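Position 1 is the first residue of the sequence; numbering continues from there. Model, not experiment: these values are computed from the prediction.
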Amino acid sequence: MRSEERAAPPVADRVAELTGRAVAALAPLGSSHAWELYRAELADGTDAFVKALPDGTPDGEFAGLFATEAWGLEWLGGSFGSPVPEVLGADERTLVLPWVSERPPTPEAAERFGHQLAGMHAIPAEYFGAPRDGYIGPLPLDNTPRDSWPEFYAEQRLLPYLAQATDRGVLTPSDVRVIERAIDAIGDLAGAPEPPARIHGDLWSGNVLWQDDGAVIVDPAAHGGHREADLAMLALFGLPHLDRVRDGYNEAFPLAAGWRGRIALHQLHPLLVHACLFGAAYRIITLNAAQAVLREA
């Protein structure tokens, strides 16, 4: 192993234990939130992507983070042609996935990705929520099962992060009143009831890794949710060829009438999460989304 790749021998030891294969090389890729990222070459030539909590992270901090992510990937992988990668190994401090070499996005790959996403959503979930709580980025995510999507979305996806953003001084009292009015309107704006779908839950464009024949999606906050949420988040920060993704999706699993008018409603959750994580930079866009929701009421 070259000297510059001796970034974290304990991480290499954990990867070897989890995969059953020695690590020939380990190159640091920086960090994301509170964890470190690596590219590993295993002894059999397999390239892997590694997420690991740094040495010194207190036991119990981010408890279950990587185990829950691994569960989510495996749970989302139940459909034919699912766009999620195989999990090579996971424990409380480490997650090992195959290395994905990205390709330039093309309209054809986007349409295929729409088919893949529709197939994943078509596999039903038992309820809104999940059998275990999770994370969205570094923030805890309450996945307590519910039978009603409006109740689940309001109580477990919006109100907790509205409270956090308010406590951190990101939102003014008048902002909070507008967002609370939008939350109160969910029952009227939710559209026709749909069964819970297996959704990624954090599907911004950075979690879409393009391939020649579709895409691979990573970093899920997987749970049973409303399938429009994944598509709304793809639109939030911009995805290449999004119209072709939607075309492919609607060909395989048509969206319900009025879905365009619900985009802002579904974007409120990730926007509040971003307000909690990144502060006042997300105040105006979050408020604008809430006002867009109210215009649909």
Side-chain angles (χ1 to χ4, degrees), residues 11 14 18 29-38 49-54 56-77 84-85 87-97 120 125 127-146 152-165 167-168 170 196-209 216-226 229-230 232-234 236-237 266-279 282:
V11 173
R14 296 204 300 270
L18 289 169
L29 302 174
S31 62
S32 175
H33 301 297
W35 42 92
E36 297 171 339
L37 310 176
Y38 301 89
F49 176 73
V50 181
K51 299 167 73 171
L53 292 177
T57 302
D59 289 342
E61 190 168 351
F62 302 110
L65 174 74
F66 295 138
T68 300
E69 184 173 340
W71 169 84
L73 290 168
E74 291 168 350
W75 186 68
L76 293 173
V84 300
V87 176
L88 300 181
D91 63 13
E92 292 298 307
R93 303 182 67 85
T94 315
L95 177 68
V96 188
L97 303 174
M120 187 181 83
Y127 38 67
F128 296 103
R132 58 197 298 164
D133 288 338
Y135 289 86
I136 184 161
L139 298 181
L141 198 61
D142 179 1
N143 285 330
T144 303
R146 301 258 190 169
F152 172 79
Y153 192 56
E155 298 290 335
Q156 292 162 237
R157 291 298 180 266
L158 297 183
L159 289 172
Y161 304 100
L162 176 60
Q164 288 185 50
D167 290 346
R168 296 177 188 188
V170 177
R198 299 192 185 199
I199 71 169
H200 180 283
D202 191 12
L203 196 55
W204 72 289
S205 57
N207 285 340
V208 178
L209 309 180
V216 172
I217 56 177
V218 295
D219 293 345
H223 62 280
H226 199 301
D230 278 349
M233 195 164 183
L234 286 174
L236 183 57
F237 299 115
H266 290 290
Q267 289 177 343
L268 263 183
H269 167 56
L271 286 171
L272 284 168
V273 168
H274 277 71
C276 293
L277 291 174
F278 305 114
Y282 282 89

Which heavy-atom pair separates Lys51 from Leu37 by the least distance, and what is that distance? CG-CD2, 3.7 Å

Going from OG1 on Thr68 to CG on Leu73, what distance comes out if it is rounded to the nearest 0.5 angstrom? 11.0 Å

For Pro54 against Glu36, the heavy-atom pair lying closest together: CB-OE2, 3.7 Å

Closest heavy-atom pair, Arg93 versus Asp91, reported as atoms and distance to 0.1 Å, is N-OD1, 2.9 Å

Plane angle bin for Phe152 and His223 - parallel if under 30°, tilted between 30 and 60°, otherwise perpendicular: tilted

How close do Ala221 and Leu141 get, counting heavy atoms only, and between which atoms? CB-CD2, 3.8 Å

dist Leu65:CG -> Trp35:CH2 (nearest 0.5 Å) comes out at 5.0 Å

Of all heavy-atom pairs between Tyr153 and Gln267, which one has the smallest distance, and what is that distance? OH-N, 4.3 Å

Closest non-hydrogen atoms of Arg157 and Asp142, given as atom of the first, atom of the second and distance, are NH1-O, 2.8 Å

Over 12 foreign heavy atoms within 6.0 Å of CG, Asp59: no

Is there a donor-acceptor pair closer than 3.5 Å between any side-chain N or O of Asp202 and the backbone N or O of Pro220? no

For Tyr135 and His33, I'd like to know if the aromatic rings sit close, meaning centre-to-centre distance below 6.0 Å. no

In Å, rounded to the nearest 0.5 Å, how long is the span from CE of Met233 to CG of Leu271? 8.0 Å

